Number of protein chains: 2
Amino acid sequence: MVSLTPRAERLLKALIEQYIADGQPVGSRTLVKQAGLEFSPATVRNIMSDLEELGLIRSPHTSAGRVPTERGYRFFVNTLLAVKPLNTQDVASLEDRFLADQDPQQLIESVSGLLSQVTRLAGIVRVPRRAGVGFLQLDFLALSPTRVLVILVAQDGQVMNRVIHPKRPYSPAELQQAANVFNGAYSGRSLEEVRRSLVKALRRDSEDMQQILRSAVEMAHQVFAGEERGEQPLFVSGESNLLAFPELSDTEKLRRLFDAFTAKQDLLHLLDQSMVSQGVQIFIGAESGYEALESCSVVTAPYEVDGQVVGTVGVIGPKRMSYDRVISIVDVTARLLSGALSHGQAG
Amino acid sequence: MVSLTPRAERLLKALIEQYIADGQPVGSRTLVKQAGLEFSPATVRNIMSDLEELGLIRSPHTSAGRVPTERGYRFFVNTLLAVKPLNTQDVASLEDRFLADQDPQQLIESVSGLLSQVTRLAGIVRVPRRAGVGFLQLDFLALSPTRVLVILVAQDGQVMNRVIHPKRPYSPAELQQAANVFNGAYSGRSLEEVRRSLVKALRRDSEDMQQILRSAVEMAHQVFAGEERGEQPLFVSGESNLLAFPELSDTEKLRRLFDAFTAKQDLLHLLDQSMVSQGVQIFIGAESGYEALESCSVVTAPYEVDGQVVGTVGVIGPKRMSYDRVISIVDVTARLLSGALSHGQAG
DNA sequence: CTTAGCACTCCCGCTTCCTGAGTGCCAGGG
DNA sequence: CCCTGGCACTCAGGAAGCGGGAGTGCTAAG
């Protein structure tokens, strides 16, 4: 960890804040004026020179001002940033947004839009995996002789469903019976347990099972298969906000970035990483490890249901973002979301 | 409708095709060479002059070649375009994509991705309104004493659900009874009918209704309320493909365009418009009537379930797109989708 | 009616020049 | 020893100037 004189710290802080504000390289003269420093431009230049040697800032070219490096941002975020809590007004307006909605799934999805609106950046939300949730009930519904709707309900009110085409027709009575047996067998287990158990049951010979139950297992298993394929555990909103930033206007990079939003793979990994840690996490530029995000910073915070981390909310923007503001917003949002979900959960 | 000499038509066709191919204004010399015309550049210039007077082409500036106007594209599409059917290989590869998936909802959603991949433009899909579908069954499931999961199943296998918080606790038996009464009352009606009937029933005094049925009606109504709010009847994919086109690289326009993708309002209107007509529809530039789309063309085709138009698929790209190819693809895709859905429906 | 020829226009890319912002260094002063 | 004013130096970026080339419109001859 680099250590600086208080003056150098102050200077660096002023420089980065200035650069975040207007995106232009900042020179010694402007810095003195802007930040109201009590020493001269020449002194500032000397200090800047030191900071440059430490790799915290750099010049785009000889006669331009200085610009923060990723290391500079990192230092800024780690030690210079006073994360002032949001003023109560902002908190209140965020809270309002959480009152309107009640359905947990919808609430979670709406948070990405909320984040993108208040930060004017792109908002992301990692929705909970369903694995840990308790299994509540399974229903078979005959749509037609050869089409059966399988409905699987989890304890938190999530519903998974899928139309399947069984090999032979089943009567409603048979379906009812199968569902009963199935529900008896799996009641109270977690979805992940159910899924694993189903896989195992499918592998076993069908002989040691009632024919009807075997069919039920097969059908239920298809619900999971469908979920695994079609699941969208990640929501991104407000991508178009990023078009407003000149530093992201390189078409090729922009394309990569938007492809990453579509593919979601990389973002998912990133968010999963940040699920293990507690509190707000910040990935500056290349720190995320993904090329597409190298011109961006990502601020994330996990959220919980009844004390258990289940997902992550976050914001993606240019490296030059108002970290203090964004961090507060992401933090508060994650807390509010946790609160809303846990209340809803407790019923 | 403008009418041209055969030669002028041929010239215009060649010019537009050339421009579509490389995006550069095309001059008389290049046109002669490229299109293998048997008359001289000077003649071409004379004809071009006529075409310009008719508003079919224009010069970006004095010494540049000519570029099609929207009117030019329109004429091209209307009368010059020989929509060659896709070669069987392409059709086959499209067909493949329709085999893998079976769930209608998922299939429909995946089509927007499919279209964006094969055209390298943005794909859009308008999913069916649920109004016309038949109502199959309603279920109430007690999650906890104060939380009830309402599951509404339509005849086509679509499932709508919502967690509600009734004012007083209901026992599973009560819920079962309510569902039975409800299902008896509404079986066989369309969702729209059910919805309207629910609204009416809610207005009426509760006295002439069993208390339990009234609760059922209220709860069921909330499912529709939830659907109306959260419904996403439009899917867009491959937006990032559009970043590759220099004519769309104006940041401000790009932003508007992407905002339109997010807001979806305008696109929805456009697609609803094209649902009433049969077959492929083409909106060139300002023809769509939406500012955000003024640099784009939209190609759409409605798709059907059992002979009834239920939605629209389409492609959005720059005005300079390979209309013949895109039209074929959109057309075939709509047909294949209709086929897949109708088969699935018939069971 | 076509076509060759020709004068004309004007974008584009190239260079050149200049200006202004900003730096690095040095030498003097507290 | 550190700060500061001064000064020479660098360099991006805009303005101006300058062909070259692509393309046009017009005219006159075949």
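As a basis for the values below, the full set of heavy atoms in this structure was taken, side chains included, without hydrogen atoms, waters or symmetry mates. Letters go in sequence order (proteins before strands), and every chain restarts at 1. As the structure is a prediction and not an experimental result, all values here were calculated from the model.
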Side chain of A/F39 (C-beta onward), nearest among C/dC10, D/dT4, C/dA4: D/dT4
Out of D/dG23, D/dA12, C/dG24, whichever nucleotide has its closest atom nearest the side chain of B/S63: D/dG23
Nearest-Å distance for atom pair CD/P, residues A/E53 and C/dT23: 15 Å
Closest to the A/R7 side chain, choosing from D/dC3, D/dC11, C/dT3: D/dC3
B/T262 side chain to B/F258 backbone, donor-acceptor under 3.5 Å: yes
Touch class at under 4.0 angstrom, heavy-atom based, for B/T30 against every strand present: sugar-phosphate
For atom CG of A/D50 and atom P of C/dG24, their distance in whole Å: 10 Å
N or O in side chain of A/R45 less than 4.0 angstrom from D/dC7 OP1/OP2: no
Heavy-atom pair of closest approach, residues B/G55 and B/T69: O-OG1, 2.6 Å
Nucleotide C/dG22, atom P - distance to CD of A/E52 in whole Å: 15 Å
Residue-phosphate contact under 4.0 Å: B/R29 side-chain N/O, D/dG21 OP1/OP2: no
Rounded distance in Å - CE (B/M48) to P (D/dA22): 15 Å
Gap between atoms CZ and P, on A/R66 and C/dG22 respectively (whole Å): 11 Å
Side chain of B/A42 - closest among C/dT23, C/dG22, C/dT3: C/dT3
A/T62 vs D/dT10: side-chain N/O to OP1/OP2 distance below 4.0 Å: no
Per B/S40 side chain, nearest of listed nucleotides C/dC10, C/dG22, C/dT3: C/dT3
Smallest separation among heavy atoms of A/S59 and A/E52, with atom names: N-OE2, 3.3 Å
B/T43, nearest nucleotide to its side chain (from D/dG25, C/dT3, D/dA12): C/dT3
Spacing of B/N46 atom CG relative to C/dT3 atom P, expressed in whole Å: 10 Å
Distance test, side-chain N/O of B/S28 to OP1/OP2 of D/dT24, below 4.0 Å: yes
Residues B/E70, B/R74: salt bridge by 4.0 Å N-O rule: no
Gap between atoms CD and P, on A/Q24 and C/dG20 respectively (whole Å): 18 Å
A/Y73 and A/Y19 aromatic ring geometry - parallel, tilted or perpendicular at 30°/60° bounds: tilted
Atom-to-atom span, CD1 of A/I47 to C1' of C/dT23 - whole angstrom: 15 Å
